[in-house]
Chemist: 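First, the structure itself, so that you have it in front of you.
Just so it is clear, the values below take in all heavy atoms, side chains as well, and ignore hydrogens, waters and symmetry mates. The chain is numbered in sequence order, starting from 1. Please read all numbers here as calculations on a predicted model, not as lab measurements.
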Amino acid sequence: MGLKSTTDKLLKGDIRSVVSDVKNQLERSLNLIGVIIISLAAMIGSGLFVLPSFAAAIMGPGIWLAFLVSALVVLPGAISKSELASTMSESGGSYVYLERTFGPVLGTISGLGLWASFLLKSAFALIGFRAYMYAVTTYFDITVNSMFIIMSALVLITILNIFGIKKVKSFQTPILAVTTGLLMIICIIQIFDASFDFSRPIDGAIDVSKNNPILLGEAAALVFVAYAGIIKVGAIGGEVKNPQKNLPSGMLYSLLIVTIIYCSVTFIMMASVDGTWWLDSKGDAREDPVFAFVDAVASTKIGITIAILAVLTMISGALSGVLASSRFLFAMARDNLLPQPLEDINTRFETPHWAIIITALTMAICILTLPVKDVAKLASGFQIMVIMVLNLSVIILRRANFAHEWYHPTFKSPLYPWLQILGIIAGGVLVFIMGQKAIFGGLAAVIIGVATFNLYGKRHYENRTTPFQTFAQLFSNPTPSDLKIRRAAFKAADIYDNNHLTLSEFISAMRALDISFSRDEYRFIFHKADSKGKGFIDIEQFLSSFPCEEEE
């Protein structure tokens with residue numbers, strides 16, 4: 001990009017063009033494989049290790065069809081989200097897309113709702129591994145406090161998230177590979193077993209589809225939350241390399257891979273073991289269906305190995321959930337819809353620590369108070385609603401492009417608008433089938449979102465001044481001596497000497513230079529400079545944006 005061109009755009013307040021100019025020059029840590037890993041880790045957890053038994057309690061051994069139907073409902077939304085992500089690759093994901101499309105009120109509703117649904121999904125994963133942990137402790141004849149272990153895992157998850165996204169990926173990759181690989185090996189071996197009955201899951205799916213399709217819809221709606229990772233990964237768009245390519249590819253590849261895994265594993269599970277093995281002695285759905293399956297077809301020792309891996313996998317899934325959900329609070333705070341401390345990032349690790357901590361504390365409350373199935377239903381219900389609105393966003397942005405000149409996606413949805421319309425209708429059907437809890441959960445999100453906007457966002461969202469042009473004029477054309485002083489002030493504010501400034505460090509530098517604005521105005525300037533929503537700015541890149549005068 002041309003330095004003079006970029007500076008001219010800054011002076012004119014043409015921030016969208018500057019975003020386009022610097023798109024590929026900001027440091028990002030996740031490649032395509034990393035996007036797929038985080039997305040899969042967010043799904044292959046409770047989605048595979050807990051939900052099958054709850055779905056089977058509804059519709060019997062044909063649950064592979066429920067996972068397939070749910071994936072087909074997700075597909076239009078995943079394609080729509082891929083298009084939106086290719087032009088708005090910022091941290092905050094679906095919240096950013098909806099806020100840019102519909103405005104701050106719906107943005108507040110969707111942001112808080114997404115935050116709640118993702119942390120509920122993560123809480124579901126941590127609650128779900130309790131049954132697997134019980135199997136392990138019973139086998140080794142040891143006694144532990146399960147709630148203490150769950151809360152300890154939550155503390156570990158919080159710390160890892162604060163340490164940064166690279167630490168998250170390095171923790172998840174081996175767990176995901178080993179768990180999925182071992183389970184798939186067991187399933188492949190089981191196909192050649194004499195007791196394997198292909199007709200059982202097929203007949204079960206056909207019978208339910210013919211005799212009571214409502215049950216199929218109810219099961220599909222329940223397992224919808226198993227695909228939440230497709231939505232989650234967009235929330236970390238600001239940390240993805242080449243996001244215009246890697247975000248759409250990562251989401252669609254992840255959806256394909258996880259659908260194959262869900263459908264094939266649940267099909268084999270139901271074809272391998274006869275009877276209602278997914279229920280416990282009280283007739284309730286078991287929370288450890290994979291352990292029960294492996295224990296029946298292999299051995300208890302292998303089942304215990306799977307149980308240990310299941311615990312680690314679900315912790316890994318919860319790790320991704322906290323990572324994604326905290327970014328919603330971060331993005332909303334950047335837009336002045338939530339208090340400013342939520343956008344503060346840790347000066348050492350460059351992660352939104354307060355957003356992460358508040359998300360973790362809320363998860364702890366949910367774990368202590370909510371039953372497993374209600375958590376899954378609430379999370380699924382709002383996820384379906386978000387998918388519906390994402391489909392609607394693409395339709396609106398395409399049709400109103402004259403009013404949204406910044407909307408230039410590099411990936412465009414095929415079969416537009418019919419694919420989006422189909423996704424909206426299918427999602428509406430699933431929400432209706434889910435019943436009152438899903439609908440009430442959506443209404444609660446609307447009420448809380450509107451109240452939050454009126455109490456806080458309404459007073460802060462519209463900036464009373466537009467200080468960036470004033471700032472750009474003050475900061476432009478420095479003499480070499482001025483530039484030296486500014487660089488020294490910026491370096492002094494850079495506590496960990498990583499050539500980055502967080503918001504608080506930026507404000508300290510500005511005050512040291514005696515450049516006076518209100519705190520909201522400092523934030524406004526910082527956000528314009530931080531065009532990718534990373535939470536920090538590069539010192540040299542920022543200073544070089546303003547051409548220097550020649551000293552006589």
Chemist: Can you confirm whether K412 is buried at NZ, in the sense that more than 12 heavy atoms of other residues, nucleotides or ligands lie under 6.0 Å from that atom?
Modeler: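 Incorrect, the count does not exceed 12.
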
Chemist: Kindly compute the distance separating CG (L501) from CE (M510), expressed to the nearest 0.5 Å.
Modeler: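 If we round to the nearest 0.5 Å, L501:CG and M510:CE are 8.0 Å apart.
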
Chemist: If you compare all heavy atoms of S122 against all heavy atoms of M363, which two are closest, and at what distance to 0.1 Å?
Modeler: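 In terms of heavy atoms, the two residues are closest at CB-CE, 3.5 Å.
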
Chemist: Please determine whether side chain to side chain contact (heavy atoms under 4.5 Å, CB included) holds for the pair I356 and T158, giving the CA-CA distance in whole Å, both sets of side-chain angles, and the decisive distance to 0.1 Å.
Modeler: CA-CA 7 Å; I356 292 169; T158 305; 3.9 Å; yes

Chemist: Evaluate the side chain to side chain contact (heavy atoms under 4.5 Å, CB included) criterion for residues D538 and H500: first the C-alpha distance (whole Å), next the side-chain angles of each, then the deciding distance (0.1 Å), finally the verdict.
Modeler: CA-CA 5 Å; D538 182 275; H500 293 160; 4.1 Å; yes

Chemist: Once ring pair (Phe, Tyr, Trp, His ring centres under 6.0 Å) is applied, do any residues pair with Y456, and if so which ones, sequence neighbours excluded?
Modeler: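 With sequence neighbours excluded, Y456 shows a ring pair (Phe, Tyr, Trp, His ring centres under 6.0 Å) to H460, given in chain and number order.
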
Chemist: State whether a side-chain donor-acceptor pair under 3.5 Å links S413 with E83.
Modeler: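 Judged by distance alone, the side chains do not pair up.
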
Chemist: Do L119 and C366 have side-chain heavy atoms sitting under 4.5 Å apart?
Modeler: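 In contact.
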
Chemist: Any side-chain heavy atom of T502 sitting closer than 4.5 Å to one from I495?
Modeler: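 Result no, sub-4.5 Å side-chain heavy-atom pair not found.
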
Chemist: Apply side chain to side chain contact (heavy atoms under 4.5 Å, CB included) to L126 and I157, showing your working.
Modeler: CA-CA 11 Å; L126 292 181; I157 286 167; 3.9 Å; yes

Chemist: Would you say the side chain of R487 lies within less than 4.5 Å of the side chain of E540, judging by non-hydrogen atoms?
Modeler: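 Side chain of E540 against side chain of R487, heavy atoms only: contact under 4.5 Å found.
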
Chemist: Does any non-hydrogen side-chain atom of I357 lie less than 4.5 Å from one of I162?
Modeler: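 Yes, close enough: below the 4.5 Å cut-off.
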
Chemist: Could you tell me whether a side-chain N or O of D335 sits under 3.5 Å from a main-chain N or O of L337, the two making a donor and an acceptor?
Modeler: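 No; judged by distance alone, with no hydrogens or angles, the pair does not exist.
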
Chemist: For I257, what residues pass the side-chain contact (heavy atoms from CB on, under 4.5 Å) criterion, not counting sequence neighbours?
Modeler: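 Residues passing side-chain contact (heavy atoms from CB on, under 4.5 Å) with I257: I36, L40, I261.
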
Chemist: Would you sort out whether L160 and V322 count as a side chain to side chain contact (heavy atoms under 4.5 Å, CB included), showing the intermediate values?
Modeler: CA-CA 10 Å; L160 284 173; V322 173; over 6 Å; no

Chemist: OG1 of T359 to CG of L329: how many Å apart, nearest 0.5 Å?
Modeler: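 Here the rounded value is 4.5 Å.
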
Chemist: Can you sort out the partners of D497 under side-chain contact (heavy atoms from CB on, under 4.5 Å), two or more places apart, ordered by chain and number?
Modeler: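 D497 satisfies side-chain contact (heavy atoms from CB on, under 4.5 Å) with D494 only.
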
Chemist: Measuring from atom NE2 of H353 to atom CG of L342, what distance do you get when rounded to the nearest 0.5 angstrom?
Modeler: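 Reported to 0.5 Å precision, the distance equals 10.0 Å.
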
Chemist: Counting C-beta onward and ignoring hydrogens, is there a side-chain heavy-atom pair between I387 and F224 closer than 4.5 Å?
Modeler: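 Touching, per the 4.5 Å side-chain cut-off.
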
Chemist: Given side chains that start at C-beta, do those of M147 and L368 come closer than 4.5 Å, heavy atoms only?
Modeler: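 Answer yes - side chains close enough.
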
Chemist: For the atom pair OG1 (T452) and CD1 (I447), what is the distance rounded to the nearest 0.5 Å?
Modeler: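 Reported to 0.5 Å precision, the distance equals 11.5 Å.
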
Chemist: Going by the angle between their ring planes, with limits at 30° and 60°, are F490 and F542 parallel, tilted or perpendicular?
Modeler: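 The rings of F490 and F542 lie parallel, inter-plane angle below 30°.
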
Chemist: Determine yes or no for a side-chain-to-main-chain donor-acceptor pair under 3.5 angstrom, with R334 supplying the side chain and F330 the backbone.
Modeler: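 No.
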
Chemist: Identify the heavy atoms of I358 and T362 that sit nearest to each other, and give their distance.
Modeler: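 Heavy atoms only, the tightest pair is O-OG1, 2.8 Å.
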
Chemist: Of all heavy-atom pairs between F536 and F526, which one has the smallest distance, and what is that distance?
Modeler: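 For F536 versus F526, the nearest heavy atoms are CA-CZ, 3.7 Å.
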
Chemist: Is I109 close to V450 at the side-chain level, that is, under 4.5 Å between some pair of heavy atoms?
Modeler: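 Answer yes - side chains close enough.
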
Chemist: With rounding to the nearest 0.5 angstrom, report the CG to CZ distance, N336 to R459.
Modeler: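 Output value for this atom pair is 11.5 Å.
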
Chemist: If you compare all heavy atoms of G427 against all heavy atoms of I384, which two are closest, and at what distance to 0.1 Å?
Modeler: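 So the minimum-distance heavy-atom pair works out to O-CG2, 3.3 Å.
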
Chemist: Can you tell if the side chain of L312 reaches within under 4.5 Å of the side chain of T179, non-hydrogen atoms only?
Modeler: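 No, every pair of side-chain atoms sits at 4.5 Å or beyond.
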
